[in-house]
Structures are given as structure tokens and as C-alpha cells.
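Scroll down for the structure; my scribbles are underneath it.
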Amino acid sequence: MTASSSDPDSAASPDDDPAHYPGLPADEAERRALAHGWTTVRMVAPGTMLTMEHLEGRLNFEVEDGRVRRAWSG
């Protein structure tokens with residue numbers, strides 16, 4: 001699942017540390033990320049194959065059992 005804010009032209013990554021997200025429920029983490037200025041939130045299951053493209057402003061969450069296990073930008 002991917003969520004985006006209302007400003008898709010905002011390309012800069014926010015000053016927000018992805019290390020603050022592991023352990024949070026996925027829905028709460030998504031709300032926080034968008035409120036902190038991330039333009040896109042991508043949630044994936046563990047082991048999901050991903051492309052190597054880097055997207056400024058995107059925060060990625062690896063989610064298992066409804067909780068964020070890992071978070072990284074790009």
C-alpha cells in the first residue's frame with residue numbers, strides 16, 4: 001500500500017528520522033509520516049522484492065502483523 005500527501009511536487013525529504021517508526025502500528029506510523037512531511041509512504045511485507053529506485057520524500061515501512069519492523073527513506 002502506498003499513501004501520498006496532497007502536495008506531490010514536494011520533493012525534499014523531511015527532517016524526520018526513520019528510526020522512530022519501528023514498533024509502531026502501521027496505520028499510526030503512516031499518519032505520523034505524512035504529518036511530518038513525507039510525500040509518500042510505502043508499506044511492504046518482509047521479503048518483498050523492491051526496485052532500487054530512490055524517490056525523495058518517500059518513507060518505506062516493512063510491516064509484519066500490523067506493526068512496522070523496519071523503516072528507511074527513499
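Small disclaimer: the values here were computed from a predicted structure and weren't measured.
- Judged purely by atom type and a 3.5 angstrom limit, Arg69 has no side-chain atom pairing as donor or acceptor with the backbone of Val63.
- Ala71 and Pro18 get closest at one heavy-atom pair: CB-O, 3.4 Å.
- Between Tyr21 and Asn60, the side chains place no donor N or O within less than 3.5 Å of an acceptor N or O (distance only, hydrogens not considered).
- The distance from atom CG of Leu24 to atom CZ of Arg31, rounded to the nearest 0.5 Å, is 10.0 Å.
- In terms of modelled atom types and a separation under 3.5 Å, the side chain of Arg58 and the main chain of Gly74 share a donor-acceptor contact.
- Between the Ser73 side chain and the Leu59 main chain, no donor and acceptor come within less than 3.5 Å of each other.
- Taking CG of Leu55 as the start and OG1 of Thr39 as the end, the distance is 6.0 Å to the nearest 0.5 Å.
- How far CD of Glu64 is from CD of Glu62: 7.5 Å, rounded to the nearest 0.5 Å.
- In this structure, the separation between NE2 on His36 and NE2 on His20 is 9.0 Å, given to the nearest 0.5 Å.
- Taken to the nearest 0.5 Å, the OG1 atom of Thr48 stands 13.0 Å off from the CE atom of Met43.
- Counting non-hydrogen atoms of other residues, nucleotides and ligands closer than 6.0 Å to CG of Asp17 gives a total above 12.
- The CZ atom of Phe61 sits 13.0 Å away from atom CZ of Arg67, with the distance rounded to the nearest 0.5 Å.
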